[in-house]
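One structure is given here, and the rest of the page talks about it.
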Amino acid sequence: MFNHHPPFLRTMAKTSHDMWTKGWAEANGGNLSLRLSPDELKGESGMEPKNDWQPLSAPLPNLSGAWFLVSGTGRHLRNIALFPEKNTGLIELDAAGANWRTRWGFEPTGRPTSELEAHLQTHAVIRETSQDVDHAVIHTHTPHLIALTYALANLDSAKLTKLLWQMHAECIVGFPQGIEFLPWMMAGTTAIADATAAAMRRRKLAIWQFHGVVGVGRNLDAAFGLIDMAEKAAQIWFLAMSAGGVQTRLTDAQLLAIARNFKVTPDPLILA
Ligand SMILES: [Zn+2]
């Protein structure tokens, strides 16, 4: 099994290594998942079930029979490239989308990320909203975005989005739907999974206050790129603040001109 390192494993290894080198994945921080198409698994063998079916908190019928490559709980993302069979695993959902089991990986014994519910609920939403285009979910600890949630009081999705759009001209093109601000919740809970999945009905990025960010995309590169763009905008804000403060910024008219030029429609509740 996987003697040839299929592309989905290589892209997971590269993305997780990039997250580490960016300073986004200390210790066992961060987790990734990638929904695989049947074509990507064609020809793979030696993947007998490794555990009994495990129930999800609620069925996800549109993920019936789906397979995912997922990072492992407690595992360090920087080690995925070195030992993918230990630090990641393949799981499948049953026909009802109500239970999961491991088919490969998490050696010698292990489980998917503790944020599995947030990942799977988000996958269920983005599969529907993207008409089956979006396949990747990344959660990571981007320092500048997290620091923003400490530096600024009374943040909400509109304020956070506007700030990032104003601080980096790419952002309104990269995420015209905005970034969802989710007030602090306990990690690994159904509450944070529900809130994150609900946010992804409207957007492709969500920030967990005092904790990290979640990004989605058609593949891991796309999800990584969106997070990287938002993180850079936050970093630019801090650089400007440390240079004496933000003296000027992109105006609403300039942002709208960028949006028109790149044929994107910003969230009208944030900018119209
Ligand atoms: Zn985290």
Side-chain angles (χ1 to χ4, degrees), residues 12-35 56-57 68-81 86-89 91 100 105-106 110-126 134 136-152 155 157 160 164 175 179-200 203-217 220 222-235:
M12 176 72 94
K14 181 186 186 302
T15 304
S16 53
H17 183 261
D18 288 348
M19 290 162 68
W20 159 250
T21 54
K22 281 275 190 185
W24 300 354
E26 76 291 345
N28 61 336
N31 33 73
L32 311 80
S33 62
L34 184 63
R35 182 164 57 87
L56 296 172
S57 63
F68 297 87
L69 181 64
V70 188
S71 56
T73 187
R75 305 296 165 88
H76 294 197
L77 294 191
R78 70 191 175 93
N79 291 333
I80 287 180
K86 178 180 176 189
N87 297 296
T88 69
I91 65 165
W100 65 271
F106 306 129
R111 292 171 55 86
T113 167
S114 57
E115 301 290 357
L116 182 66
E117 291 269 353
H119 278 260
L120 293 180
Q121 286 196 38
T122 298
H123 276 289
V125 166
I126 64 177
D134 287 349
V137 177
I138 296 177
H139 162 63
T140 190
H141 299 167
T142 43
H144 297 91
L145 281 171
I146 297 168
L148 266 187
T149 71
Y150 288 96
L152 300 173
L155 269 182
S157 301
L160 176 63
L164 298 177
F175 47 97
I179 181 167
E180 185 86 0
F181 175 78
L182 295 175
W184 184 86
M185 277 173 268
M186 184 63 73
T189 58
T190 306
I192 204 166
D194 290 348
T196 304
M200 296 311 182
R203 317 192 198 276
K204 289 178 179 285
L205 284 167
I207 189 148
W208 293 351
Q209 187 183 28
F210 312 143
H211 180 158
V213 64
V214 178
V216 305
L220 288 170
F224 181 95
L226 267 190
I227 294 171
D228 199 16
M229 188 185 288
E231 168 66 2
K232 178 166 272 190
Q235 184 179 16

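In listed order, ligands and their atoms are each counted from 1. Remember, predicted model here, so these are calculated numbers, not experimental data.
- Contact check on K232 versus D228 returns no salt bridge, with no Lys/Arg side-chain nitrogen under 4.0 Å from an Asp/Glu carboxylate oxygen.
- Residues I126 and A136 approach most closely at CD1-O, 4.0 Å, considering heavy atoms.
- S33 places no side-chain N or O within donor-acceptor distance of the main-chain N or O of V70, the cut-off being under 3.5 Å.
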Report the C-alpha separation of F181 and T149 in whole Å, then their side-chain angles, then the decisive distance to 0.1 Å, and conclude whether the side chain to side chain contact (heavy atoms under 4.5 Å, CB included) test is met. CA-CA 9 Å; F181 175 78; T149 71; 4.1 Å; yes
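- Protein N/O/S atoms closer than 2.8 Å to the Zn ion (ligand 1), listed by chain and residue number, are H139 NE2, H141 NE2, H211 NE2.
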Pair up each side-chain donor or acceptor in residues 188-200 with any protein partner under 3.5 Å, not counting sequence neighbours, and list the distances.
unit_1: T189; atom_1: OG1; unit_2: M186; atom_2: O; d: 2.8
unit_1: T189; atom_1: OG1; unit_2: I192; atom_2: N; d: 3.3
unit_1: D194; atom_1: OD1; unit_2: Q121; atom_2: NE2; d: 3.1
unit_1: T196; atom_1: OG1; unit_2: I192; atom_2: O; d: 2.6
unit_1: T196; atom_1: OG1; unit_2: W208; atom_2: NE1; d: 3.0

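- In terms of modelled atom types and a separation under 3.5 Å, the side chain of E117 and the main chain of S57 share a donor-acceptor contact.
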